[in-house]
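Data block below; observations after.
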Amino acid sequence: MLRLHKTNMKRGDSMERLLMQDLIRWKERRNRKPLIIKGARQVGKTWLMQEFGKRYFENVVYINFENNQRMKNVFEMDYDIGRIISALKIECGKRIEADHTLLIFDEIQEVPRALSALKYFYENAREYAIVAAGSLLGIALHEGTSFPVGKVDFLTLYPLNFTEFLMAVGQEELADLAAKKDYGLINAFADKYTDLLRRYYYVGGMPEAVMTYLETDDLQEVRMVQQQLLLYYANDFSKHAPKETVPRIQMVWNSIPMQLAKENRKFIYGMVREGARAKDFELAIQWLLDCGLIHKSYRIRKPGMPLISYMDMSAFKIYMLDIGLLGARGNLDAITLLEGNTVFTEFKGALTEQFIAQELASSGIELYYYSAENSSGEVDFIIQKLNKVIPVEVKAEENLQAKSLRGLCRKYELTDAIRSSMSGYREQDWLVNVPLYMLRSYLEQFDQPK
């Protein structure tokens, strides 16, 4: 049994998710719409909805539409809200009082007319609080499912980010410290943050993997959970994707660790299959995006506002849903990550980019990178915040060279530049060095207009 080195780590009583605060704000909104929570399978949507109902409502009615023919029949009839509520009461054997009941519709994409019914709940019965979830919702929409445009709100749930991981392992004080941006104290506890970050690189943020880590301290058990999740997703390809697309989805999915292990992490179709071209794999990549299993970062030709205006659709990087799953897919062992084995420096760089991509995506930040035409100079992430463009160079260890970043800032006269690494926080004349483990909280300051 491979156990962790002793860390004097407390265990959290439960797995807290930051999205809970968004759900509370939604509940208190005067003219709230039905809410849809998007996200890949196994990221904790069902738990979050049920926990939200348990904490903030007197009563919860939970309906899972997967393989539920009775509910499918109910919504096939018409959109009479009174009749639908009566059917829900019978299905669950519970009273439904609008002011005190949360209605949960899980896997709603399995019954397209239930998705369409959300429009009528909003227009004719706004007093009902409805939260729905759909792991394959993006795929259902591309297949022509009628969607209640403008009649629903959205939130997206991702695997646990690093802040949530800190809370899960009982390190709420470190999470709070990062949020307060007390840079002196953060630097003083850099060794603790660094150790926990390396563990997060291995465990990742999939809820089942995190819970296994908390309950067993056994890294082999964690890896087995991750391998099972990878198998689960592979089975999903065969079950839900168009038959003719399945092999190509698998090829793209299997190529991601190799793509990220390159020094230039740009997605190369020829690494998926020799001689392959974009048209051969565009549908496969879109399917993985619709499932929430990958993040896509597009190249921009110039760091101008808005970034999307300078996006090059033909050049992009692909990151996986979760850093722990990426490590499992690449068969990286725990010693490599926890003890900083330099043999794997290149792939550790890939993990670090993967980590930052996840942190940014979970903050609602669109992913872009910069690369000049016919040039080796590249900046890992370009972020748009209000009226600012912020370049971010990512380093796996404490390598503090940033030649590409300096060149970009000089060329385009950018005033805010970030280098993120394992090194401590410090300000320089032309950039700020922000530790990897606090980049997400540091960027929050740019959300408020000055």
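Note: hydrogens, waters and symmetry copies are ignored here, and every other heavy atom, side chains too, is used. For the single chain, residues carry numbers from 1 onward in sequence order.
At a cut-off of 3.5 Å, with distance as the only test, no side-chain donor of R426 or N187 sits close to an acceptor on the other residue. Using a 3.5 Å distance cut-off with no hydrogens or angles, the side chains of Q286 and D290 do pair a donor with an acceptor. Side-chain polar atoms of Y213 and E215 form no donor-acceptor pair below 3.5 angstrom. Inspection of the S135 and K45 side chains reveals an N or O donor paired with an N or O acceptor under 3.5 Å. Side chains of E107 and Q109: a donor on one and an acceptor on the other come within 3.5 Å.
Considering every non-hydrogen atom in both L288 and V252, the closest pair reads CD1-CG1, 3.7 Å. Nearest heavy-atom pair, I285 versus I294, reported as atom, atom and distance to 0.1 Å: O-CD1, 3.7 Å. Residue L18 comes nearest to M167 through the heavy atom pair CD2-CE, 3.6 Å, listed as atom of the first residue, atom of the second, then distance. In terms of heavy atoms, L321 sits closest to Q354 at C-NE2, 4.1 Å. The nearest pair of heavy atoms linking L118 to P34 is O-CG, 3.7 Å. R419 and Q428 get closest at one heavy-atom pair: NH2-OE1, 2.6 Å.
Side-chain N or O atoms of K33 include one that pairs as donor or acceptor with a backbone N or O of G150 at under 3.5 Å. A donor-acceptor contact shorter than 3.5 Å is absent between the side chain of Q384 and the backbone of P306. Distance alone, capped at 3.5 Å, is enough to place a donor-acceptor pair between the N433 side chain and the G424 backbone. Between the side chain of S441 and the main chain of A178, a donor-acceptor pair closer than 3.5 Å is present. Judged by distance alone, with hydrogens and angles left aside, the side-chain atoms of K302 form no donor-acceptor pair with the main-chain N or O of G304 at under 3.5 Å. The backbone N or O of I365 lies less than 3.5 Å from no partner atom in the side chain of S363, so there is not a single donor-acceptor pair. The closest donor-acceptor contact from the side chain of D312 to the backbone of R299 lies at 3.5 Å or more, if one exists at all. Using modelled atom types, one side-chain atom of Q259 and one backbone atom of I268 make a donor-acceptor pair closer than 3.5 Å. Using modelled atom types, no side-chain atom of R248 and backbone atom of T245 make a donor-acceptor pair closer than 3.5 Å. Not one N or O on the side chain of S420 forms a donor-acceptor pair closer than 3.5 Å with the backbone of L439.
Aromatic ring orientation, Y158 versus H295: tilted (interplanar angle from 30° to 60°).
I104 CD1 to N64 CG: the interatomic distance, rounded to the nearest 0.5 Å, is 10.5 Å. Residue W47 holds its CH2 atom at 15.0 Å from CD of Q42, rounded to the nearest 0.5 Å. Taking OG1 from T212 and CE from M206, the interatomic distance works out to 11.5 Å, rounded to the nearest 0.5 Å. The NZ atom of K54 sits 4.5 Å away from atom CD of E51, with the distance rounded to the nearest 0.5 Å. Note that the CG atom of L219 and the CG atom of D333 stand 10.0 Å from one another [nearest 0.5 Å]. Taking CG of L157 as the start and CE of M20 as the end, the distance is 10.0 Å to the nearest 0.5 Å.
By the neighbour-count criterion of 12 heavy atoms within 6.0 Å, atom NZ of K266 is sparsely surrounded, having that number or fewer from other residues, nucleotides or ligands. Residue Y232 places its OH atom among more than 12 non-hydrogen atoms of other residues, nucleotides or ligands, all under 6.0 Å distant. Residue-environment remark: CG (L307) exceeds the threshold of 12 foreign heavy atoms within 6.0 Å. Residue Q250 qualifies as enclosed at atom CD: its count of foreign heavy atoms under 6.0 Å is above 12. Counting heavy atoms of neighbouring residues, nucleotides and ligands inside a 6.0 Å radius, atom CD1 of I308 does not exceed 12 of them.
Geometrically, K181 does not engage Y442 in a cation-pi contact, judged by NZ or CZ lying under 6.0 Å from the ring centre and within 45° of the ring axis. The side-chain tip of R126 points at the ring of Y122 from less than 6.0 angstrom away and within 45° of straight on.
Proximity of R406 to L431: side-chain heavy atoms (C-beta onward) are nowhere separated by under 4.5 Å. The shortest distance between side-chain heavy atoms of L177 and Y193 falls below 4.5 Å. Counting heavy atoms from C-beta on, the side chains of V389 and M305 come closer than 4.5 Å. Contact of the S421 side chain with the E393 side chain is not registered, since no non-hydrogen atoms from C-beta on lie closer than 4.5 Å. Side-chain contact between W287 and P242 is present, with at least one heavy-atom pair separated by less than 4.5 Å. In this structure, the side chains of L229 and E208 come closer than 4.5 Å at one or more pairs of heavy atoms. Counting heavy atoms from C-beta on, the side chains of M438 and P435 come closer than 4.5 Å.
Ion pairing between a basic and an acidic side chain is recognised when a charged N comes within 4.0 Å of a carboxylate O; E221 and R223 show no such pairing. Ionic pairing of D236 and R41 is present here: one or more N-O contacts between side-chain nitrogen and carboxylate oxygen are shorter than 4.0 angstrom. A salt bridge does not link R277 with D280: every distance from a Lys NZ or Arg NE/NH1/NH2 to an Asp or Glu carboxylate oxygen is 4.0 Å or more. Using a 4.0 Å cut-off between charged side-chain N and carboxylate O, K180 and D176 make no salt bridge.
Take Y319 and apply the side-chain hydrogen bond (donor to acceptor under 3.5 Å, both in side chains) test, not counting sequence neighbours, and it matches E353.
Between Y437 and F162, the gap from one ring centroid to the other reaches at least 6.0 Å. Aromatic ring centroids of Y368 and Y298 lie 6.0 Å or more apart.
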Steps toward side chain to side chain contact (heavy atoms under 4.5 Å, CB included) verdict (I130, F105): CA-CA 7 Å; I130 302 175; F105 295 165; 4.0 Å; yes

message: L408 vs L414, test: side chain to side chain contact (heavy atoms under 4.5 Å, CB included). Steps then yes/no.
response: CA-CA 8 Å; L408 181 70; L414 301 177; 4.2 Å; yes

Salt bridge (charged side-chain N to carboxylate O under 4.0 Å, His left out) assessment of R55 paired with E16: CA-CA 12 Å; R55 293 185 192 180; E16 194 60 52; 3.0 Å; yes

message: Go through it in stages, so that I can follow the logic: the residues are F189 and K192, the test is side chain to side chain contact (heavy atoms under 4.5 Å, CB included), and I'd like the CA-CA distance, side-chain angles, deciding distance and then a yes or no.
response: CA-CA 5 Å; F189 289 99; K192 286 185 175 290; 3.8 Å; yes

message: Before you tell me yes or no, could you show the steps for V394 and V392 under side chain to side chain contact (heavy atoms under 4.5 Å, CB included), namely the whole-Å CA-CA distance, both residues' side-chain angles and the distance that decides it to 0.1 Å?
response: CA-CA 6 Å; V394 173; V392 179; 4.2 Å; yes

message: For a side chain to side chain donor-acceptor pair (under 3.5 Å) check, start with the C-alpha distance between S404 and Y370, then their side-chain angles and the critical distance, and finish with the verdict.
response: CA-CA 10 Å; S404 297; Y370 171 80; over 6 Å; no

Steps toward ring pair (Phe, Tyr, Trp, His ring centres under 6.0 Å) verdict (F165, Y200): CA-CA 7 Å; F165 180 78; Y200 181 75; 5.2 Å; yes

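A ring-ring contact (aromatic ring centres under 6.0 Å, His included) check over residues 252-277, counting only residues at least two apart or in different chains, returns the pairs F237-W253, F267-Y269, F267-F316.
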